[in-house]
Amino acid sequence: MSKTYDPQQIESAIQQRWQAQGAHRADRGEGERFYCLSMFPYPSGKLHMGHMRNYTICDVISRYQIMQGKQVLQPMGWDAFGLPAENAAMANKVPPAQWTRDNIAHMRDQLKALGFAIDWDRELATCDPSYYRWNQWFFLRLLERGVAYQKTGVVNWDPVDQTVLANEQVVDGRGWRTGAVVEKREIPMYYLRITDYADDLLTALDDLPGWPERVRTMQANWIGKSEGAEVVFECGEHRIEVFTTRPDTLMGATFMAVAAEHPLAKEASQGRPDIEAFIESCQQGGVSEADLATQEKRGIDTGLKATHPLTGESLPIFIANYVLMSYGSGAVMAVPAHDARDFEFALQYKLPIKPVIGLPDGREYDATEWHEDYATKTGSLVHSGPYDGLSCAEGFEAIVADLEKKGAGRRTTQYRLRDWGISRQRYWGCPIPIIHCDDCGSVPVPDEDLPVVLPEDLVPDGSGNPLNRCESFLNVDCPKCGRAAKRETDTMDTFVDSSWYFLRYTCPDNSEAMVDHQTQSWMPVNQYIGGIEHAILHLLYARFWTRLMKDEGLVQISEPFEHLLTQGMVLAETYYREDDSGRRQWFNPKDVETEHDAKGRVVSAHLISDGQAVIPGGVEKMAKSKNNGVDPAELVARYGADTVRLFSMFAAPPEQSLEWSDAGVEGAWRFLKRMWTGVQAHVDAHPSVDASRGEGIERQEALDLRRQLHEAIKKVGDDFGRRYAFNTAIAAVMALSNEIAKFEANNEAEVALVQECWEGVVMMIAPVTPHISEALWNTLGHNSSVFATGWPRCDESALVRQQITMVIQVNGKVRDRMDVAPGLDQDSIESLAKNSENTARFLDGKTIRKVIVVPDKLVNIVAT
RNA sequence: GCCGGGGUGGCGGAACUGGUAGACGCGCCGGAUUCAAAAUCCGGUUCUGGAAACAGAGUGGGGGUUCGAUUCCCCCCCCCGGCACCA
């Protein structure tokens, strides 16, 4: 190998060696299996830093597990259907299929340059008929079982383009291309009964100790199980059913509110143009929950009255835009005194607010301003007639019991989770295998006619799904009666594709079945890695889909992912200039230079090309709109993959956001160069040395170095294997390297120690920087691969210290330190501490009240 | 709006179970090497005062528990992720 570190030459040579040896094929040996998976990428064009980070984390864990002797499966594929391909098609007049496949080819090359231990033989793309035919096949099974069904759903409708918009395409209630005010529209769609699995998906979260707590909490809240009661209010001959989690506040209900889509709203609008206009106005704007929840609360009195089931009081019924038809029954009993949304509405429409729960510490209820504790469940009932004095829990029971007696309600459980609508009015997705026949209705495509292949030559133009105009796709004979019929043109939500791809990796070539016996031998995925933005939807759907496949007898597990790691975003500094109209022009960090003051603070920045000032705009997520993306391919070309991998693992722990820094990349590069020259210098001076096992090492410096090596082995193994704290693992290896460089070997035993240390460094950094590690492992005299050597073992005997430094505190402040033998008894520690020079000054004239000793760490003397 | 997470030197971060705040890296300052520069190497670097020893302050803000709090509890501010058709 070369005397100077030449990453391009090393990396291509090592990658060729891996390729020739089939080093990353997963199906080779016996032994414990480890399935290490990252969320597959959407093929957007080129690899970005977020991908790079995700796959590096996955590769580090995979390679660490390989060094633990496991059979590791690390696959890769493409989440290849979706909206961006249609947008690109509109912009470039290129069919989504071609655009997508070109992107895949390019990104595959970029991934390969990074040296990941991926088994490329298992690559799949969800836009391939060989993959999505199983979406279709399984959908038909779900239809047979009644898990899939049809009902109407509400979508964003752009009245100008005459097309359905994604929530992302609705900006401030208007279509992003046309600027037209979006309307809500009901259309028929296919749904999956995920709500039947709500309780199971919720309770099984407790069986996922390998998932981050926050993800489990978010999923639990999303499913949103609430115990409460259904209460019936009568309105003429109508019965309005409402769900409430707080039946204990029923005596405080002062009005009712129904959604604009509620049947009662429609009835109230008869002969009332004002109500009709209000309902119509509610149809404007997008359907996303964030939009609905942040819009101004508006309502209108229907003039109808409901009867309070316990008091017989007459309550006005409002139509309100904050009541959602999709949750519960689309109607609420409003208790403004104890619900923030009802409170705001009551204030606005001057409706009575009647407190029925006493506030803690006997405070007066102030009906002019909402306070968080108005929603308390800890007070007791007041102004509630026969229920006065009961606690909220007792009131809940008593009121529900009375409602049940009267047949006006019952205890019930409600979920926030809604059934999963999988129909999309889009072209670039998996066709839903249904044929619409005038005589036979919606007819499933027979299994033998699968897959329903998506034509790949269409180019969407923004005016709806081009499949609707594709006669060769549309026209088909009805499988039942044989007469002319039309294919369904809706395609499936791309979350369907991503709900089971991890199963298909285990048997990608099986053309006879969706999954097979190999699936069981790899599942569940031992470690899943992906962005926190997928914490709810993708992960919940994948858990649900796995259960559906289990119910179909295709797999034997319910939970697909044993351990989950959610990686943070990749950020970079932004720079901009503002023109006269306030419009910002953004500059890429690589085109900008910064000036510092004497303390290193950034004081100004300028564009390299024209030398004129630019304004630092803060650190933001890498995005096209801010032009702050850093291209991993460029960095790999300049520094090699190992440097880029090293920096991205070193700069932050995987779960946190990572701030990109070119200077930081330089630092990683310098470390690898130092490691390279350090090993070369050692081997040049002492070729063919066997690594020490501690014999004959006597000098204190040598004992200290060996202790640091074995402390590092212990720490790095723990950081890689348990904590996934790659940044601190790398820091420990860097610190050890610095110590080795300072050390001068005086005899043979010490030369062997240096050999042992460098071997340790090379092995420990190997999961992060595999190419240089392979090369240096050979330089150190080994013919094998560093990944075949196993993980270095910690020699506990090397960890023993002669002396440790203890901290002496007086009243919690560090005043002195002392060197003592480990395990020194409490009394000796106390007396040493009291007599230490600096400590005495602070004890002078004071009485010692207490002495706390933390063995081998610290003494705290409390004195007044 | 609702749910979840975060805030520590000039910067990225460390401190894992309540026990020495700032490991490691970047930047900056000083020095060596060099005709010079780049590269490399050595030393310093939380802030304030001090020549130093050392002292005081300090983990977004305010309060609390504790011998001791970045860590636990309460309130507040700011930033980020998700909200069911972006993936």
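What's counted below: heavy atoms across the whole structure, side chains too, no hydrogens, waters or symmetry copies. Chain A is the first sequence line, chain B the second, and so forth, proteins listed ahead of strands; every chain is numbered from 1.
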Should the side chain of A/Arg722 and the base of B/rC16 be counted as holding a donor-acceptor pair, with the cut-off at 3.5 Å?
yes
Counting side-chain heavy atoms from C-beta on, which of B/rA87, B/rA84, B/rG25 comes nearest to A/Asn167?
B/rA84
Test ring-ring contact (aromatic ring centres under 6.0 Å, His included) applied to A/Tyr42 - qualifying residues, sequence neighbours left out:
none
Would you mind telling me which residue lines up with the more 5' stretch of RNA chain B, A/Ala651 or A/Val287, judged by nearest nucleotide?
A/Ala651
Given B/rA87, B/rC85, B/rC83, which nucleotide is nearest the side-chain atoms of A/Arg426?
B/rC85
Taking only the side-chain heavy atoms of A/Lys857 (C-beta and beyond), determine which of B/rC85, B/rA39, B/rG19 contains the nearest atom.
B/rG19
Write down the protein N/O and nucleotide N/O pairs, taken from nucleotides 55-57 of chain B, whose separation is under 3.5 Å; answer none if there are no such pairs.
{"from": "B/rA55", "atom 1": "OP1", "to": "A/Asn838", "atom 2": "ND2", "distance (Å)": "3.3"}
{"from": "B/rA55", "atom 1": "OP1", "to": "A/Arg841", "atom 2": "NH2", "distance (Å)": "3.4"}
{"from": "B/rG56", "atom 1": "OP1", "to": "A/Arg815", "atom 2": "NH2", "distance (Å)": "3.3"}
{"from": "B/rG56", "atom 1": "OP2", "to": "A/Arg815", "atom 2": "NH1", "distance (Å)": "2.9"}
{"from": "B/rA57", "atom 1": "OP2", "to": "A/Lys813", "atom 2": "NZ", "distance (Å)": "2.8"}

Between P on B/rC85 and CZ on A/Arg418, what's the gap in Å once rounded to a whole number?
8 Å
When you look for runs of 3 or more Watson-Crick or G-U pairs in a row, both distances below 3.5 Å, which of them include RNA chain B?
B:1-7 with B:77-83, B:10-12 with B:24-26, B:27-32 with B:40-45, B:46-49 with B:54-57, B:60-64 with B:72-76
Which listed nucleotide (B/rC67, B/rC16, B/rC86) is nearest to the side chain of A/Asp718?
B/rC16
Holding to side chain to side chain donor-acceptor pair (under 3.5 Å), I want the full list of residues that pass it with A/Arg193, two or more places apart in sequence or in another chain.
none
When you measure from the side chain of A/Leu417, which nucleotide among B/rG25, B/rG4, B/rA84 comes out closest?
B/rA84
Can you name the atoms? Protein N/O to nucleotides 42-45 of chain B N/O, anything below 3.5 Å, with the distance.
none

What pairs with A/Asp419 under salt bridge (Lys or Arg N to Asp or Glu O under 4.0 Å), at least two apart in sequence or on another chain?
none
Ring-plane angle category for A/Tyr55 and A/His51, please: parallel below 30°, perpendicular beyond 60°, tilted otherwise.
parallel
Rounding to an integer number of Å, can you tell me how far A/Met806 CE sits from B/rG19 C1'?
11 Å
With sequence neighbours left out, what residues match A/Glu666 under salt bridge (Lys or Arg N to Asp or Glu O under 4.0 Å)?
none
Would you indicate which nucleotide in B/rC86, B/rG1, B/rG5 comes nearest to any side-chain atom of A/Arg214?
B/rG5
Residues 715-731 of chain A vs salt bridge (charged side-chain N to carboxylate O under 4.0 Å, His left out), sequence neighbours excluded, gives A/Lys715-A/Asp719, A/Asp718-A/Arg722, A/Asp719-A/Arg723
According to salt bridge (Lys or Arg N to Asp or Glu O under 4.0 Å), who are the partners of A/Lys225, at least two apart in sequence or on a separate chain?
A/Asp199
Going by the rule ring-ring contact (aromatic ring centres under 6.0 Å, His included), which residues pair with A/Phe650 if we only count those two or more places apart in sequence or in a different chain?
none
Of the nucleotides B/rA14, B/rU20, B/rA84, which has the atom closest to the A/Thr728 side chain?
B/rA14
Listed by chain and number, what are the ring-ring contact (aromatic ring centres under 6.0 Å, His included) partners of A/Tyr501, not counting sequence neighbours?
A/Phe40, A/Tyr505
Sugar-phosphate or base contact per nucleotide [nucleotides 68-80 of chain B; S, B, -; heavy atom under 4.0 Å]:
------------S
